[in-house]
Amino acid sequence: QVQLVESGGGLVQPGGSLRLSCAASGSIFSIYAMGWYRQAPGKQRELVARIVSGGSTNYADSVKGRFTISRDNAKNTVYLQMNSLKPEDTAVYYCNVNMRGIPNNYWGQGTQVTVSS
């Protein structure tokens with residue numbers, strides 16, 4: 001079993017910041033990648049940011065320069081620092097993990113981020 005526990009979502013004004021956390025636990029052997037996806041009402045789930053085992057990162061164009069993904073390998077935790085938030089960032093944010101050698105994805109329950117004045 002693998003569990004992903006997300007935290008850090010909330011309500012913030014435009015231009016504000018939030019820091020999301022996702023801690024993986026359970027049958028963790030080797031994490032290949034961890035990332036964040038988001039889904040706004042009525043829209044498709046999309047990749048926000050991803051970090052792979054070697055440290056390389058990938059960001060959606062819409063968040064480049066504003067969001068930063070990082071990880072703490074010892075804690076099996078991934079973070080998403082979100083700065084200069086915009087109303088269009090409003091969505092449920094989901095943590096995702098890929099294990100090395102395991103084809104399926106693991107997902108967290110999601111944490112709501114609302115950017116509004």
Heavy-atom pair with the smallest gap, counting every atom of Met34 and Asn76: CE-O, 3.9 Å
Gln44, CD atom: more than 12 neighbouring heavy atoms under 6.0 Å: no
More than 12 heavy atoms from other groups under 6.0 Å of CD on Gln109: no
Arg71 (side chain) donor-acceptor with Ser53 (main chain) under 3.5 angstrom: yes
Pairs where residues 4-18 contributes a residue and the test side-chain hydrogen bond (donor to acceptor under 3.5 Å, both in side chains) is met, not counting sequence neighbours: Ser17-Asn83
Nearest heavy-atom neighbours spanning Leu18 and Gly8: CD2-O, 3.8 Å
Same apolar cluster: Met82 and Val12, side chain cutoff 4.5 Å: yes
Donor-acceptor under 3.5 Å (Tyr59 side chain, Ile69 main chain): yes
Close side-chain approach of Cys95 and Trp107, heavy atoms under 4.5 Å: no
Common cluster, Val5/Tyr94, ILVMFWY with side-chain heavy-atom separation under 4.5 Å: no
Heavy-atom check, side chain of Thr68 versus side chain of Tyr79, under 4.5 Å: no
Over all atoms of both residues, closest heavy-atom pair of Met99 and Ser27: CE-O, 4.4 Å
Student check: side-chain heavy atoms of Val78 and Ile31 closer than 4.5 Å: no
Atom of Leu4, atom of Gly108 and distance for their closest heavy-atom approach: CD1-N, 3.6 Å
Flag side-chain contact, heavy atom, 4.5 Å: Phe67 against Leu85: yes
Within one Ile-Leu-Val-Met-Phe-Trp-Tyr cluster: Trp36 and Tyr106, side-chain cutoff 4.5 Å: yes
Heavy-atom donor-acceptor pair, Thr57 side chain to Ile51 backbone, under 3.5 Å: no
In one Ile/Leu/Val/Met/Phe/Trp/Tyr side-chain cluster, 4.5 Å: Ile102, Ile28: yes
Exercise: identify the closest heavy-atom pair between Ala91 and Gln112: O-NE2, 3.4 Å
Pairs involving residues 43-57, ordered by first then second residue, that meet salt bridge (Lys or Arg N to Asp or Glu O under 4.0 Å) (sequence neighbours left out): Arg38-Glu46
Whether Thr111 side chain and Tyr93 backbone form a donor-acceptor pair below 3.5 Å: no
Closest approach of Val2 to Val97 (non-hydrogen atoms, all atoms of both residues): CG1-CG1, 4.5 Å
Lys/Arg-Asp/Glu bridge criterion (N-O < 4.0 Å) met for Asp61, Lys64: yes
